[in-house]
Amino acid sequence: MMNPDDIALIEKYLDGTLSPDESTQLESLLRESAEARAKLRSLATIDFGLQTIAEGDPVSNQLPSPDIENTRSQFPLMLVMAAMVVLLIGVATLMPRGDDGPETIARISRLAGPIHWTGAGGRVSNDLVLGAELPGGTIEGLSPGSWVELEFLDGSTVILKGDSRLIFSDFGQKQLHLIEGSISADVNPQPSEKPMLIHTRSATLKVLGTQFNVTTDIASTALDVNEGKVNILRLSDGQNVDVPAQHRIVAASDQAMNLKPIPDSVLHWNSKLDLRPAETFGKWAPKTETKNASLGLVPYVHTNRSGERIPIFVGSILVSGGNDHPVILQSDTNIVVRGRVNSPFGLAFGVIVRDAKGGFGGSFLKGIPPTDFQADGTFELAFSASELILDSDLEGLKDELLPNPLNALVETFWCASIDNPDGFQIHEVEFIPAQTERDESSQVFP
Amino acid sequence: MSPTSSNAESPDRELFVRLLMKHDRAIRAYLRALLPTVNDVDEVMQEVSVIAWRKFDQLDDPRNFCRWACVIARYEVLMHRRRKARDRFVLGQEVEQLIADEGVEELSIREEQLDALENCLDRLPPERRQLTLKIYSADASMKTIAASLGKSPEAIYKMISRIRQKLLECVEQRIAGMDL
């Protein structure tokens, strides 16, 4: 049962008489209480209903009098409504669609990091904002920290993650072309004869309504289905498989399409850079007789919270993806980064994690000052996962993200600096749980 | 639809008008919980009507019209919010999303409540009923009504708030079948 003060806040909202403090109280109440939200909807219905009745009431403009008979009819109101609807249809019909530009099929419901948009006619924009309405086109993340959520008109959402490129359209059937990188999608039920289609270089996915993650590169497509079912067709030979919830599959011409349960998560992880060049972003170099495999940083232009465009040097490694076990961090996990550098500089190491629905859970970082580097050029830097804090550029989205990266699936490890990294190379990154012995069952093999 | 056919009564247009009019109340009631004033509801509803007509050929099953239109309405509320983001009466996005998502599941309840409301309004004492309609009519200002009754606007707001809650109680009893 709601207390009278809470109901009073809702009533004041409907009357437009909330003070700023009361507005904050109401916001908090509605966020926390389903009962309060239901009460708001019901009282709003009463408020709206009274408005409708009053507008159709011929006596409502007279002074209150108990002698006036109750006569009212909504018939005049219905005539007005009908006329308005017909007029609006007429206006919408006469106005060619081109007057308002290309038709919107999705809007940006969340975004972070640098995003590139190529719309109708090849117009390029780097200034997408929250709420931007988009017709079909190409959307591209330019850095490991880039992330954008598209919401279609039916409420289905697609999140483009990191350094990825997606072409999307909707001509009565949603069609996505994932050219490279990763998306996760939460798709509302689609018409059976017009499922959402996702095309990659190696596969076509047919989606009727589900939650899943897809990662693709030039040769393969990896699909994890969290809810529902997705049909995947391998383009090289036409083999297709229905992938049920909590299963994954990889479509590539050089390996069998075996359906596997999504494995349990592990706490220990090693980057194994010599084995996974395709899962890095940056300047990757292979192992030689004299040198370890390494990852260097590459430059791009980053727009910070203040809107300033500054050059940033960045590199990243995919942590959970493909055939690997999902990796999670715990508060006592040590993150160890080994490499070399010619002269010390300040940088940040970070992780990007997924939320429970497979969407963007946040980017969390640890700043490393130049003094932490050893004098001889090689370095081994270690810190606890509990020291990772939310990237300040995401402060505005704080309420929508996880409070910390612990016990969430780690998607990417990244490194970034505003200083030019003189000879900087990462040789190895390792997540080491507090156990002194590595759990053999947690070993990650390519 | 080409301009030359705008004067013809196509089956699509007729069906659209019937569906929109049938579900107009429920959609507006859905919007009222998301928007601070009835004027905002009118503004957004105009956009919803135009966009719903333009996209009407994408609706597979007319039985889903109300729910489908509410998705469009939700989208338009988000656009409307962008224009009024500084207004303290605009709910935050997280809260708005919760209210909207839960509201889509309650569309039939909205219809039942609106159907029961007239009967409950009739049960008010006549002077209360007329005062309520007076307050809700477009021509009445709270200041004028309060002055004509020799009361403060705050007192009138409190009174109308109690009346709304009383009406809601009556409506809920009618829907539950407890009302005899």
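Residue numbers start from 1 in every chain, and the chains themselves are labelled A, B, ... in the order their sequence lines are given, proteins ahead of strands. Below, all heavy atoms of this structure are taken into account, side chains as well, without hydrogens, waters or symmetry copies.
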Got a second to check how far [X]'s [atom1] is from [Y]'s [atom2], nearest 0.5 Å?
X	Y	atom1	atom2	answer
A/I46	B/L117	CD1	CG	5.0 Å
A/E151	B/Q97	CD	CD	7.0 Å
B/R110	A/F48	CZ	CZ	11.5 Å
B/R162	A/I7	CZ	CD1	13.0 Å
B/L35	A/L14	CG	CG	11.5 Å
A/R37	B/L98	CZ	CG	4.5 Å

At a heavy-atom separation under 4.5 Å, does [X] approach chain A through its side chain, its backbone, both, or neither?
X	result
B/S161	both
B/E102	both
B/V41	neither

Decide yes or no for [X] and [Y]: does some side-chain heavy atom of the first lie under 4.5 Å from some side-chain heavy atom of the second?
X	Y	answer
A/Q51	B/R32	no
A/T52	B/Y136	no
A/E11	B/I160	no
A/L50	B/L167	yes

Go through the atoms of A/A106 and report whether side chain, backbone, both or neither lie under 4.5 Å from a heavy atom of chain B.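 For A/A106, the contact with chain B is made by the backbone alone.
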
Side chain, backbone, both or neither: which part of A/S109 has an atom under 4.5 Å from a heavy atom of chain B? backbone

If I compare all heavy atoms of [X] with all of [Y], which pair ends up nearest, and what's the gap?
X	Y	value
B/G103	A/R41	CA-CD, 3.6 Å
B/A29	A/T45	CB-OG1, 3.9 Å
A/L40	B/A33	CD2-O, 3.7 Å
B/V38	A/D47	CG2-OD2, 3.9 Å
B/L168	A/S42	CD1-CB, 3.7 Å

Comparing B/Q58, B/K158, B/Q165 against chain A, the one with the most heavy-atom pairs below 4.5 Å turns out to be B/Q165

One option among B/R164, B/E154, B/R67 has the most heavy-atom pairs under 4.5 Å with chain A, and it is B/R164

Keeping the roles fixed (side chain from B/Y75, backbone from A/G155), state whether a donor-acceptor pair exists under 3.5 Å.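 A pair under 3.5 Å: no.
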
Whether over 12 other heavy atoms sit under 6.0 Å from A/R31 CZ: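 Buried by this count: over 12 neighbours within 6.0 Å.
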
Could you have a look at A/L26, A/L153, A/L30 and say which one has the most heavy-atom pairs with chain B under 4.5 angstrom? A/L153

For B/W68 and A/D154: C-alpha separation, side-chain torsions, deciding distance, then whether side chain to side chain contact (heavy atoms under 4.5 Å, CB included) applies. CA-CA 7 Å; B/W68 173 79; A/D154 68 349; over 6 Å; no

